[in-house]
Protein chains: 2
Amino acid sequence: MKTLSIKDIAVQANVSITTVSFIINGKAKEKSISEAVIEKVEKIIEESGYKPNQIARSLRTGNSNIIGLIIEDISNSFFSRIARLIEDKAYKRGYKIIYSSTENSVDKAKELINMFKSRKVDAYIISPIKGIEEDINMLLTDNKPVILFDRNLPNVDTNYVGADHFNASYQSIESFIKQGKKNIALVTTDIDVQQITERYDGYKKALEDNGITYSDDLVVKIHFNQEEAETISQIKTLLESKKIDAVLFATNYLAISGLKVLKQINKKIGDEFAVIAYDDHEAFELHTPSISTVQQPLEEIAETVIKLILSQLSSKTKLENQQVIIPAKLIIRD
Amino acid sequence: MKTLSIKDIAVQANVSITTVSFIINGKAKEKSISEAVIEKVEKIIEESGYKPNQIARSLRTGNSNIIGLIIEDISNSFFSRIARLIEDKAYKRGYKIIYSSTENSVDKAKELINMFKSRKVDAYIISPIKGIEEDINMLLTDNKPVILFDRNLPNVDTNYVGADHFNASYQSIESFIKQGKKNIALVTTDIDVQQITERYDGYKKALEDNGITYSDDLVVKIHFNQEEAETISQIKTLLESKKIDAVLFATNYLAISGLKVLKQINKKIGDEFAVIAYDDHEAFELHTPSISTVQQPLEEIAETVIKLILSQLSSKTKLENQQVIIPAKLIIRD
DNA sequence: CTGAAAGCGCTTACAG
DNA sequence: CTGAAAGCGCTTACAG
C-alpha cells in the first residue's frame, strides 16, 4: 500500500494541490475556499486516513514542530521526571520532544546540538555543561529559542529556568545548625557546573554566617564518572574518620551511595547524626528513618520552560531573556 | 548567517552538486571521483562546518536514521533505564532514538504511531498495549521493522524481546514455599497486558504445583491510573485483614507503595513475613531489611532489541520473526 | 474563488 | 571522471 500524498487527495477531489494544502492548514476561510469544496476535501482526507508528510513540510517551511531536549542522563530520575512533564505539556500544545543524554561529555553534547540542528528542531531546551557556550551562541545567532534549565552558563545570554540552589543549600545547613550540629560535611561532585557550585557556596556561606569555620576536610568531591564502589569507599573514609554530626548530599545519587555506606558501617541516622539529600527520590521517604530532602519544583520548572519556549516561538520579535529562579523546598522528615 | 547548502559547497569547490553528494555519502571511490577533487571538497566541508540537511535527505531517500521508541512512561525507572541503554547502543550505530510515553492510553499510542509514521522513522520499538494491534499490523504491511519488547501482543506477528515473566514469578513463589510460607499474596495491576498476566499465571501455577489452594482473596489487582493514596489503602486492607506470610509485588512501583504500607502499620519483614518485588529499584537494596527482587536483564534486552532492528534494517529480504525470551534473575537479599 | 509553478536541499539514474 | 536534471511532498507568492 503506497502512502498517500497531497496530490492523491487533490486528484480524488478534483481540485488543485494548492486548495488541499490551504484546507489542511486551516487557511481555507482566509483564502475564501467555498464551503462545498472544503467539505468534500475534508471528507476525502478523513476517509482515506491521509496524513501530511511532516518531512516535506519541514523542508519547505524550515520548522518541524519538534523541540530538542538535551539532558545529562535520562536514567537519572530527576531528568526522567522533568522530561516526562515537559513532553506532556509540549504534546498538548502540538509539539513533540526529541531528547538525548549527553552523559556529561562535551563532545556528545556538541554532536547532539548538530544533529538537532540538521533535523531543524524549532527550539532547544538544554541542561548544559561547560564547553558548549559557543555552540549555544550559534543557535542564538540563528534566532533559535534556547532555554537553559537546571544549570546556567555564565557566558551565554539566553533564558534560564532553575531552582534556587544557593538558598536551598544554605537553608539545609541552617537547619542542621539549629539542631545544634557543629561538624557538618558536604558530599558533592566535581562537575564544574553552576548548580553544583551554588550548592557548595550555600554550604560555605551558611557556615560562615553562623560562626562555624569552614574546613576542606569536611567536603568530599566525588568524581563524576567513576564506579559506585569507588564513591562508596570515599564516602566511607569521610564518615568513619571524622567526627561528623551532619551531612548534606548534593545530589540524590550521592545520597543513595551515602545511605549504603551508613548501612555498611552501621551508623544510625538520629539525634546524633543528621542527613539531608538534594533532590528527592522514592527511596528517601521509605528509608528507616525517612530522609529529609531538598525538593526541586519539577512541575513549575517544566511549566515555565514550556511557557518561555512557546512565547518565543509565537513571537515575531526577539523577546527579552528571562532568568527564572524558583525556590526549592526543604522537606524535613523524621 | 545563512546555513550552508550542498550547492554552496559545490560552487566553492567548483564542482557539481552531484560530485559533492557522492563524496559526502562515501560513494566517491565507487563513482571514481579523482583524489584531488575528493580532497578539495572534503577540505571545504571541513572548514565551512557544513552539515547536510537531514530533512531534505529524508524526503528524498524515504528514511530518517531515526528509530521510534514507544513506552508506557519514561518516568518509570524500568523504562528510563532501558531507554538510556537503547539510545546509547543505537547512537553508536548511527541511529537516533525519538521516544514518547503512551501513559497507557490507546489513543495516545495510536497518535504516536501516526506521528512517527509521518516523520518517517525507519523502525519501531514498542512496549505495546492492547488495542493497537491493527496500527502495528499496518506498519508491518508497510515493511517497517517493528520490535515489541517487555510485552507481547498475541495477534501481531512480529519480533518480540522480553523476560520470562512466567518463570520469574513461578520461582519467586517457589522460594517463598521453600521458606515454609503458606499464605502467599500477590499484588498486581489490572492492566491487561501479557507480561502482567504471565506473572499472575506463574503465581497460580507455583501454588498449584505445590499443593497450595489458590484463593482470590489473596490477590489484589490495583487499578492502573489511580492515586497512590488509593493504592496504599487497598494494600493496607489486604495486609491488615488476612493472615499473610509472604507477598509478591508484580511491579516495582506497587512494591514501593507496599513498603510504605508496611511502614505505616509497622509490620516488619523478617522470618514471619517475606516480600519479593518485581523489577529492581534503588530503594530495595537500601531498605531495612533489603528487599529481594526479580531483576530483568535490561542490558541484554536492550542489546537484543537493537540487534534485531539493525539486522532487519540492513537486510533486503524480509527476515523471519524472532521471539526472544530472556530469563529474569531472582535476587534474594536479607 | 481557485490553480500553475517555483522552490526547500537533497539523491540518483542517466548521459557523456 | 563528472554533471544536468528529475523528483521526494509539501507551501506560498503570484496570477487570474
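Below, all heavy atoms of this structure are taken into account, side chains as well, without hydrogens, waters or symmetry copies. Please read all numbers here as calculations on a predicted model, not as lab measurements. Sequence lines set the chain letters: A, B, ... in the order given, protein chains first and strands last, and positions in each chain run from 1.
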Inset, instruction - Using whole Å, report how far CG of N63(B) lies from C1' of dC8(D). - result: 12 Å
Inset, instruction - Looking only at side-chain atoms of F22(B), point me to the closest of dA13(C), dC10(C), dC10(D). - result: dA13(C)
Inset, instruction - Indicate whether OP1 or OP2 belonging to dG3(C) is found under 4.0 Å from a side-chain N or O atom of S16(A). - result: yes
Inset, instruction - For T61(B) and for T19(B), locate the closest nucleotide of DNA chain D by heavy-atom distance; then report the residue assigned to the nucleotide nearer the 5' terminus. - result: T19(B)
Inset, instruction - Please indicate whether K307(A) has more than 12 foreign heavy atoms, meaning atoms of other residues, nucleotides or ligands, lying under 6.0 Å from its NZ. - result: no
Inset, instruction - Determine the contact category for K27(B): base if any of its heavy atoms lies under 4.0 Å from a base atom, sugar-phosphate if only primed atoms, P, OP1 or OP2 are that close, otherwise nothing. - result: sugar-phosphate
Legend entry - Out of dT12(D), dC10(C), dC10(D), whichever nucleotide has its closest atom nearest the side chain of S5(B): dC10(C)
Inset, instruction - Would you classify I55(A) as touching base, sugar-phosphate or nothing, given that sugar-phosphate means primed atoms plus P, OP1 and OP2, and contacts are heavy atoms under 4.0 Å? - result: nothing
Inset, instruction - Flag the pair S127(B) / L148(B) as yes when at least one side-chain heavy-atom distance between them is below 4.5 Å, and no otherwise. - result: no
Inset, instruction - Give the rounded distance in Å between these two atoms: NZ of K120(B) and P of dG9(C). - result: 21 Å
Legend entry - Residue L59(B), side-chain atoms from C-beta onward, closest of dA5(D), dG9(C), dT2(C): dG9(C)
Legend entry - Spacing of I33(B) atom CD1 relative to dT11(C) atom C1', expressed in whole Å: 14 Å
Inset, instruction - Could you check how far CZ of R119(B) sits from P of dC8(D), rounded to whole Å? - result: 21 Å
Inset, instruction - Using Watson-Crick or G-U wobble geometry with both distances below 3.5 Å, tell me the partner of dC14(D), or none. - result: dG3(C)
Inset, instruction - Over all heavy atoms of both residues, which pair between E87(B) and S100(A) is shortest? Give the atoms and the distance, please. - result: OE2-OG, 2.8 Å
Inset, instruction - Between dT11(D), dG3(C), dA13(C), spot the one nearest the side chain of N25(A), thanks. - result: dT11(D)
Inset, instruction - Compare side-chain N and O positions of Y50(B) against OP1 and OP2 of dC10(C) and report whether any pair is under 4.0 Å apart. - result: yes
Inset, instruction - Ignoring backbone atoms, establish whether S21(A) has a side-chain N or O less than 4.0 Å from OP1 or OP2 of dT11(D). - result: yes
Inset, instruction - Mind checking R60(B) for me? I need base, sugar-phosphate or nothing, with any heavy atom below 4.0 Å counting as a touch. - result: base
Inset, instruction - Search all heavy atoms of L112(B) against all heavy atoms of K96(A) and return the closest pair with its distance. - result: CD2-NZ, 3.7 Å
Inset, instruction - Please report, rounded to the nearest Å, how far the C1' atom of dA4(D) is from the CD1 atom of I6(B). - result: 14 Å
Legend entry - salt bridge (Lys or Arg N to Asp or Glu O under 4.0 Å) evaluation trace for K40(A) with E35(A): CA-CA 9 Å; K40(A) 181 170 63 174; E35(A) 264 310 322; over 6 Å; no
Legend entry - Integer-rounded Å distance: dC8(D) C1' and L4(A) CG: 16 Å
Inset, instruction - Send over the distance from K40(A) NZ to dT2(C) P, rounded to a whole Å. - result: 9 Å
Inset, instruction - Check whether NZ of the Lys or CZ of the Arg K108(B) lies under 6.0 Å from the centre of the six-membered ring of Y91(A) and within 45 degrees of that ring's axis. - result: yes
Legend entry - d(CD1, I23(B); C1', dT12(C)) in whole Å: 15 Å
Inset, instruction - Considering just the side-chain nitrogens and oxygens of S34(B), establish if one lies under 4.0 Å of OP1 or OP2 belonging to dT2(D). - result: yes
